[in-house]
Amino acid sequence: MKERDIIEQIRQLAGPDSIDLLQGIGDDCAVIKKMEETVWLLTMDTLIESVHFDCSFHPAGKLGRKAVSVNVSDIAAMGGKPIFVLLSLGLPAGFDEQWLAGFSEGFTGACREYGCLLIGGDTVCSPERVALTITVIGEMKREQVLYRHGARVGDTVWVSGPLGSAAAGLDLFRSGDIPIITELQPLLNAHLDPRAQVKLAVLLARSGCVHAMMDLSDGLATDLSHLCRQSNVGARIMADRLPGCAALSTAADLLKQNRIEWMLSGGEDYELLYTASPDDSENLLQLTAEHGFTIYPVGTIVDGEGVTLVRGQGKICDAEEQNISYQGYDHFKKS
Ligand code: ADP
Ligand code: MG
């Protein structure tokens with residue numbers, strides 16, 4: 001059973017929506033009516049030692065920061081601002097107190113940076129591994145919420161930053177033999193300490209130009225497939241438009257990996273993925289540039305379903321299309 005089939009099975013049993021619930025299971029956050037014109041955003045994510053992080057190379061402070069960022073990223077995915085945080089901490093019996101001090105400092109520091117407050121949680125003993133479950137509560141104007149289901153045929157598909165860095169960083173750590181090249185640092189840091197794109201997300205939501213948005217946690221191929229399925233559309237991605245940081249090629253040569261594969265299937269980039277009418281491209285480029293952001297058009301929303309990758313664009317005789325739907329990270333996929 002795949003991750004999305006499990007969620008779908010649970011969703012069907014979850015019961016009728018309440019009148020104040022504007023979005024239940026299926027988007028980056030649940031959306032609940034707060035006042036007439038504002039909503040609460042609620043999200044929860046879990047990080048398990050050996051599945052999501054490896055303490056042998058993940059410093060405690062950076063792990064604390066990452067635990068906040070990956071959750072805040074789901075608030076950003078809707079265009080909102082994080083306000084409150086809850087932390088459930090599962091620790092093995094003989095945990096290292098210095099590790100906990102570092103983790104707590106990183107966690108609360110990141111909360112401060114994102115402008116949200118830790119207001120509660122739970123502390124339990126976990127059999128062998130550290131287990132972290134975080135809930136973030138955000139808020140925003142109801143009319144500005146950006147759902148996954150709003151993409152329209154003809155829209156341009158945008159991403160907010162380089163893809164594949166975190167996956168390449170993780171593969172470098174796992175290879176166990178990283179050459180000391182400062183050029184590789186951005187990749188390692190993308191895995192250890194990603195940043196949620198809250199400021200850009202709020203700007204995009206306020207622009208009124210964006211039709212659909214989500215954050216990239218499982219890789220472009222899988223996340224765009226979710227967005228397309230929920231919008232009843234398909235998408236074409238241009239391989240030569242995919243943004244990757246300069247070090248990606250160096251890492252690909254070192255590890256004999258394919259950089260396009262990292263950019264499409266690599267998880268945990270926590271960039272924003274969104275769609276908007278091509279008529280608004282200039283507006284979006286100008287608005288985001290004014291605030292110091294670079295955004296990248298990577299494809300187009302089309303009629304139909306699924307996500308295809310186009311290689312050799314521009315050279316009609318060489319152009320090649322390949323179905324890449326759901327080819328990213330899935331916790332339950334058998335490889
Ligand atoms: P994201 O990658 O943005 O965190 P997920 O793929 O984890 O999103 O989840 C997709 C949707 O399914 C979200 O709305 C989430 O709240 C919901 N979901 C995931 N697991 C469960 C579960 N066990 N019970 C109820 N809802 C779930
Ligand atoms: Mg998400």
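Just so you know, these numbers come straight off a predicted model, no measurement behind them. Whatever order the structure lists ligands and atoms in, that order sets their numbers, starting from 1.
- For atom 26 (N) of ligand 1, a protein heavy-atom neighbour is found at a distance under 4.0 Å.
- Between the side chain of H58 and the backbone N or O of L192, at least one donor-acceptor pair lies under 3.5 Å.
- Connection of F293 to V298 is not established within any shared hydrophobic cluster, with ILVMFWY side chains joined at heavy-atom distances below 4.5 Å, either directly or through further cluster members.
- For CG of D122, the number of neighbouring non-hydrogen atoms (other residues, nucleotides, ligands) closer than 6.0 Å is greater than 12.
- The protein heavy-atom contact nearest to atom 4 (O) of ligand 1 is D74 OD2, 3.1 Å.
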Derivation of the side chain to side chain contact (heavy atoms under 4.5 Å, CB included) call for D193 and K66:
CA-CA 5 Å; D193 188 12; K66 178 169 181 174; 5.5 Å; no

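- For the residue pair S325 and N323, a side-chain donor N or O sits within less than 3.5 Å of a side-chain acceptor on the partner.
- Atom 16 (O) of ligand 1 has D27 O, 4.6 Å as its closest protein atom, hydrogens excluded (heavy atom only).
- Here the options are D215, V31, T43, V39, the test is side-chain contact (heavy atoms from CB on, under 4.5 Å), and the partner is M78; only V31 passes.
- In this structure, R174 fails the cation-pi test against F57, since its NZ or CZ atom is not both closer than 6.0 Å to the six-membered ring centre and inside 45 degrees of the ring normal.
- Within D74, the N, O or S atom at minimum distance from the Mg ion (ligand 2) carries the name OD1.
- Scanning all protein heavy atoms for the shortest distance to atom 23 (N) of ligand 1 gives I10 CD1, 3.7 Å.
- Residue S217 has at least one nitrogen or oxygen atom sitting less than 3.5 Å from a nitrogen or oxygen atom of ligand 1, judged on distance alone.
- The shortest N or O to N or O distance between I25 and ligand 1 is not under 3.5 Å.
- Shortest contact from atom 9 (O) of ligand 1 to any protein heavy atom: I7 CD1, 3.9 Å.
- The distance from the Mg ion (ligand 2) to the nearest N/O/S atom of D215 is under 2.8 Å.
- At the shortest separation from atom 6 (O) of ligand 1 among protein heavy atoms lies E3 OE2, 4.2 Å.
- With respect to E113 and R195, a salt bridge is recorded, a charged nitrogen being found less than 4.0 Å from a carboxylate O.
- Closest to the Mg ion (ligand 2) among the N, O or S atoms of D28 is OD1.
- E305 and R229 are not joined by a salt bridge, as no carboxylate oxygen comes within less than 4.0 angstrom of a charged side-chain nitrogen.
- Under the 4.0 Å distance rule, the nearest protein heavy atom to atom 12 (O) of ligand 1 falls inside the cut-off.
- The shortest separation from a heavy atom of R148 to ligand 1 is under 4.0 Å, placing the residue in contact.
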